[in-house]
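Residue numbers start from 1 in every chain, and the chains themselves are labelled A, B, ... in the order their sequence lines are given, proteins ahead of strands.
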Amino acid sequence: MAVEITGKELVKAAAYIGAGIAMGFGAIGPGIGEGFAAGKACEGVSKNPEQAPLITRTMLIGQAVSESTGIYSLVIALILMFVLVK
Amino acid sequence: MPAETIKGLAEAIGLIGAGVAMGFGAIGPGIGEGQAAGKAVEGVRMRPEAAPIITRTMLIGQAVAETGGIFALVIAILLVFITKATTIPVAIAYLSAGISIGMGAIGSSIGQGMAAASACEAVARIPNFSDKIITFMLIGQSAASTPSIFALVVSLLLMFIAKPTTISLAMAYLAAGISVGMGAIGSSVGQGMGAAAACDAVARRPSFSDKVITFMLIGQSAASTPSIFALVVSLLLMFSVKDAGIVKTAAYLGAGISMGFGAIGPGYGCGFAAEEGTRAAGYGFSKYSVALRTMLIGQAVAQSTAVYAMVIALILIYVV
């Protein structure tokens, strides 16, 4: 390529691709896991409708925990985009 | 590089796109139709007298599950015989068209195959209800095919509308193909899970079929959301980006990767919730609203990472 690329630009470019990889792959696990919890909650509510509030609460707590890695990915992606690249 | 070499290289990259389209595109139909065949064989073994109706159900279901493979075949043939890239950027757009339909066909055929397998099982159990079961299978399968149709549309746009002139634009188009292609996988498998549960549920309690279809369609539409996000990001990457330097080009690529891969998990997870919700509807208990609420709350939470992925993608396209 005729265009000169500086080292700083290369770092920026890599950080942006890295942000995409972090958030993209990081979103897979929480999505599947939270959906699994949601499915089991549906099953539970259908068998035991009077326990619905307790089941829903348990589902939400479990999903909040399984969300954590998704939020880590989001934080890392934001750091890569806005903090490292100055 | 001499002009002749660049021309040859461009043609080669376009042809690799054809290989990617058909190679990845063949995964889903193989798995999905095989699953249907397995359940049909099992059903015929248990109930030999119902063999003709089980075989018919299998063939109808497999024919629908084949569509993704046929989309991939059509794009591959077009890439081999009709289009001919002469510049590297256009060749990258063709490669992206191959990635889009190749990846996009995986999920829909697996999902449709799951529905077909469940329908074969149900028909083997209650051959008298075969008409209703086949109807449910076809409705569920058609919903599960939408993400692959998104991928097909983006593929055709990449082949015939997008004519990138620079490497930077070509990379944005590549990202568009990755986004819609990968983004289709989770949603369509998820929708297939919902359809499979509906086929099973309607065979157990045919009198609750209206509830079952309501839960299936609501669950499936929630499961399709991540693929719609992926389509939106992909269209933005094709039609709203400008030629830019290496940094911005990398940001476009990152946006496509973020949205494409980020849509897989939420689509699949929402499908799992749709599956269990639809099954619950089939039991015919009294509190439908409670089950529907639980399913939708669970799906909304499972959707969150797809929203994060879209936010990161939009920041990468427009802000940084």
Applying side-chain contact (heavy atoms from CB on, under 4.5 Å), can you list everything that pairs with A274(B), at least two apart in sequence or on another chain?
Q299(B)

What parts of residues 61-69 of chain A touch chain B if we use heavy atoms and a cut-off under 4.5 Å?
Q63(A), E67(A)

Where the side chain of S179(B) meets the backbone of A230(B), is there a donor-acceptor pair that is under 3.5 Å apart?
yes

May I ask you to test the Q303(B)-C270(B) pair for a side-chain heavy-atom distance under 4.5 Å?
yes

What part of I246(B) gets within 4.5 angstrom of chain A, counting heavy atoms only: side chain, backbone, both, or neither?
both

Report which part of A41(A) has an atom under 4.5 Å of a heavy atom belonging to chain B: side chain, backbone, both, or neither.
both

Any donor-acceptor pair under 3.5 Å linking the side-chain atoms of Y16(A) with those of T249(B)?
no

Residue selection (most heavy-atom pairs with chain B, distance under 4.5 Å) from G44(A), A38(A), C42(A), A22(A)
C42(A)

Which region of Y268(B), side chain (C-beta onward) or backbone (N, CA, C, O), has a non-hydrogen atom less than 4.5 Å from a non-hydrogen atom of chain A, or is it both or neither?
side chain

Less than 4.5 Å to any heavy atom of chain B: does that hold for the side chain of L60(A), its backbone, both, or neither?
side chain

I'd like to know if the side chain of T166(B) pairs up with that of D243(B) as donor and acceptor (distance under 3.5 Å, no hydrogens or angles considered).
yes

Are S188(B) and S108(B) close enough that a side-chain donor and a side-chain acceptor fall under 3.5 Å?
no

Charged N-O contact under 4.0 Å between E9(A) and K12(A)
no

What part of M259(B) is in contact with chain A, defined as an atom under 4.5 angstrom from a non-hydrogen atom: side chain, backbone, both or neither?
neither

Of the listed residues (G39(A), G70(A), S73(A)), which shares the most heavy-atom pairs with chain B below a 4.5 Å separation?
G39(A)

Can you tell me how far the CG atom of L314(B) sits from the CZ atom of F229(B), to the nearest 0.5 Å?
10.0 Å

If one checks every heavy atom of V311(B) against chain A at 4.5 Å, the contacting part turns out to be neither

Pick from I312(B), I315(B), I264(B), V319(B) with the largest number of heavy-atom pairs that fall under 4.5 Å of chain A:
I312(B)

Pick one: which of M295(B), Q220(B), M216(B) meets side chain to side chain contact (heavy atoms under 4.5 Å, CB included) with T278(B)?
M216(B)

Walk me through whether Y308(B) and S258(B) qualify under side-chain hydrogen bond (donor to acceptor under 3.5 Å, both in side chains).
CA-CA 9 Å; Y308(B) 298 167; S258(B) 171; over 6 Å; no

